[in-house]
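Presented below is the structure to which this report refers.
Quick note: residue numbers are just sequence positions, from 1. For ligands, and for the atoms within them, numbers begin at 1 and follow the listed sequence. These numbers come from the heavy atoms of this one structure, side chains and all, not from hydrogens, waters or symmetry mates.
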Amino acid sequence: MLFDSTSLKDLTLDNRVGLAPMTRVSATEDGCATDEMAQYYAKFADGGFSFLVTEGVYTDNAYSKGYLSQPGLVTADHVDAWSTVVAAVHDAGSPIFAQLMHCGAQNQGMPPSEPQETIAPSAVQPEAEKSEAYGGSGSYPVPEQATHDDLDTAREGFVSAAKNAAEAGFDGVEIHGANGYFLNEFLSSTMNQRDDEYGGGPEARVRYPAEVVSAVADAVPEEFVVGIRISQTMVTDTEHQWKEGEDAAAVFFEELSAAGADFVHTTEPDATVSSFGEAGFSLGEAAVEYVTDDTVVIANGGLGTPEAARSALEDGADLLTLATSALANPDWPTRAAHDDELVEFDYRKFLRPEATISEHELPNNTPSSNN
Ligand SMILES: Cc1cc2nc3c(=O)[nH]c(=O)nc-3n(C[C@H](O)[C@H](O)[C@H](O)COP(=O)(O)O)c2cc1C
């Protein structure tokens with residue numbers, strides 16, 4: 001099953017295993033992707049991943065950028081730089097989607113020496129410290145509650161970044177609605193305490209993310225893929241659960257899929273266990289249950305063994321993605337198909353002290369040949 005080919009909209013995928021988005025803070029200061037990043041991404045396509053999702057890419061010059069050295073899709077230079085990455089990945093045989101990200105209150109990598117205002121659905125401070133691996137330190141600022149003008153600007157940012165992604169040659173975009181960033185904060189009754197049309201019950205909380213999906217889907221070419229990533233947990237609250245449990249999941253997945261999402265990419269710490277009480281669905285299973293007709297479900301989280309990966313497909317997901325196990329095994333699909341041994345992921349080799357791409361990750365210098 002893992003190695004059967006399949007389709008996603010008009011794309012043919014060689015197998016069911018894709019690369020999950022991973023922020024690597026390796027772009028230039030002004031947000032351009034680099035030749036090293038082209039080599040880094042192409043390596044996963046060479047290794048058999050049938051589709052790739054990029055790291056989170058910022059979408060506007062107002063409040064979206066979340067890290068120093070994060071790549072953007074805002075300027076003509078950003079488009080040029082990404083087109084080199086896209087061409088390298090296409091040459092290696094895989095489609096690639098840009099993950100469009102607005103950081104919201106979780107502006108991770110801006111050190112205290114560079115104070116930057118943040119916006120979020122409500123003025124609720126994330127309860128955690130910024131990530132040192134992304135260059136941040138100290139606590140997050142209390143965000144400003146986004147005004148309707150801010151929401152218009154952010155929505156337009158997603159739309160223009162998606163058009164820029166199409167121009168750069170990407171096969172589609174994944175809108176980042178997971179992990180505690182801006183769109184994900186709308187789904188949470190803790191982070192979203194608005195009393196306008198975007199706050200309240202699940203129908204209201206999903207309204208803004210669904211508007212973004214629909215605005216993007218309306219603006220891009222017909223064949224261009226538009227997906228959204230969803231989680232319950234957040235970088236700053238790894239235990240976070242939606243107050244209404246599976247009832248909220250039902251509304252969120254139905255509305256996002258009706259808004260025009262070609263795929264829903266769920267992420268949770270362990271996609272093989274229940275996300276809603278002991279005997280409930282995993283988040284991926286809930287997506288399978290509640291998305292409408294032809295919306296594809298991609299599962300992620302703790303699926304780095306072939307057994308776990310297979311179980312996600314048996315639970316109904318169409319596709320799955322790998323993050324940390326892909327770093328350790330950039331040729332995971334090829335290895336797994338040949339029953340070759342897999343290398344265990346070690347944080348220290350890839351993400352410490354910083355999450356930037358290391359020399360040993362570039363082609364002809366792979367972790368397995370290096371260590
Ligand atoms: C270094 C690193 C960076 C990440 N950056 C992103 C990101 O930019 N966008 C996102 O949606 N998830 C991001 N994630 C989460 C992963 O996509 C994935 O959901 C998580 O690692 C669980 O999958 P795994 O068990 O296969 O590692 C990141 C994870 C890691 C390890």
Side-chain angles (χ1 to χ4, degrees), residues 17-27 33 37 40-41 44 49 51-59 64-67 69-73 97-104 106-109 131-136 173-185 209 227-236 238 263-273 275 282-284 298-306 308-309 311-312 317 319-330 332-333 336 342-358 361:
V17 189
L19 177 74
M22 276 180 283
T23 288
R24 301 304 306 271
V25 286
S26 296
M37 287 166 66
Y40 163 82
Y41 279 112
F44 296 103
F49 285 88
F51 65 100
L52 274 51
V53 186
T54 69
E55 60 208 281
V57 176
Y58 67 91
T59 49
S64 71
K65 189 172 179 182
Y67 322 97
S69 310
Q70 181 183 12
L73 262 169
F97 307 132
Q99 189 186 53
L100 304 185
M101 168 174 168
H102 188 304
C103 71
Q106 284 186 171
N107 186 325
Q108 300 244 37
S131 164
E132 288 186 11
Y134 294 134
V173 290
E174 171 172 290
I175 294 165
H176 198 347
N179 299 351
Y181 297 101
F182 191 48
L183 297 182
N184 188 247
E185 287 165 346
I228 184 159
R229 193 169 215 220
I230 295 293
S231 68
Q232 278 200 105
T233 54
M234 302 182 174
V235 169
T236 50
T238 52
F263 69 79
V264 169
H265 184 182
T266 57
T267 174
E268 50 202 323
D270 181 353
T272 64
V273 301
S275 285
S282 68
L283 192 63
I298 308 176
N300 166 262
L303 301 176
T305 62
S311 80
L319 300 166
L320 63 108
T321 60
L322 306 176
T324 44
S325 44
L327 290 182
N329 305 275
W332 193 101
L342 294 164
V343 177
E344 197 144 329
F345 174 69
D346 179 349
Y347 264 93
R348 287 164 307 178
K349 281 190 194 148
F350 295 93
L351 305 176
R352 296 288 179 270
E354 285 176 350
T356 43
I357 298 170
S358 314
E361 292 180 78

[X] side-chain N/O to [Y] backbone N/O, donor-acceptor pair under 3.5 Å:
X      : Y      : answer
Ser358 : Glu361 : no
Ser26  : Thr356 : no
Gln70  : Gly56  : yes
Gln232 : Leu283 : no

Given Tyr347, Trp332, Phe44, the one that forms side chain to side chain contact (heavy atoms under 4.5 Å, CB included) with Leu327: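 When Tyr347, Trp332, Phe44 are each tested with Leu327, the side chain to side chain contact (heavy atoms under 4.5 Å, CB included) holds only for Phe44.
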Taking only heavy atoms of the protein into account, state which residues are under 4.0 angstrom from an atom of ligand 1, in chain and number order.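 Close residues (ligand 1, cut-off 4.0 Å): Ala20, Pro21, Met22, Thr23, Gly56, Gln99, Tyr134, His176, Asn179, Arg229, Thr267, Asn300, Gly301, Gly302, Leu322, Ala323, Thr324, Leu351.
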Tell me, please, which residues at least two apart from Asn184 pass side chain to side chain contact (heavy atoms under 4.5 Å, CB included).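 Partners of Asn184 by the side chain to side chain contact (heavy atoms under 4.5 Å, CB included) criterion, ordered by chain and then number, come out as Leu187, Ser231, Met234.
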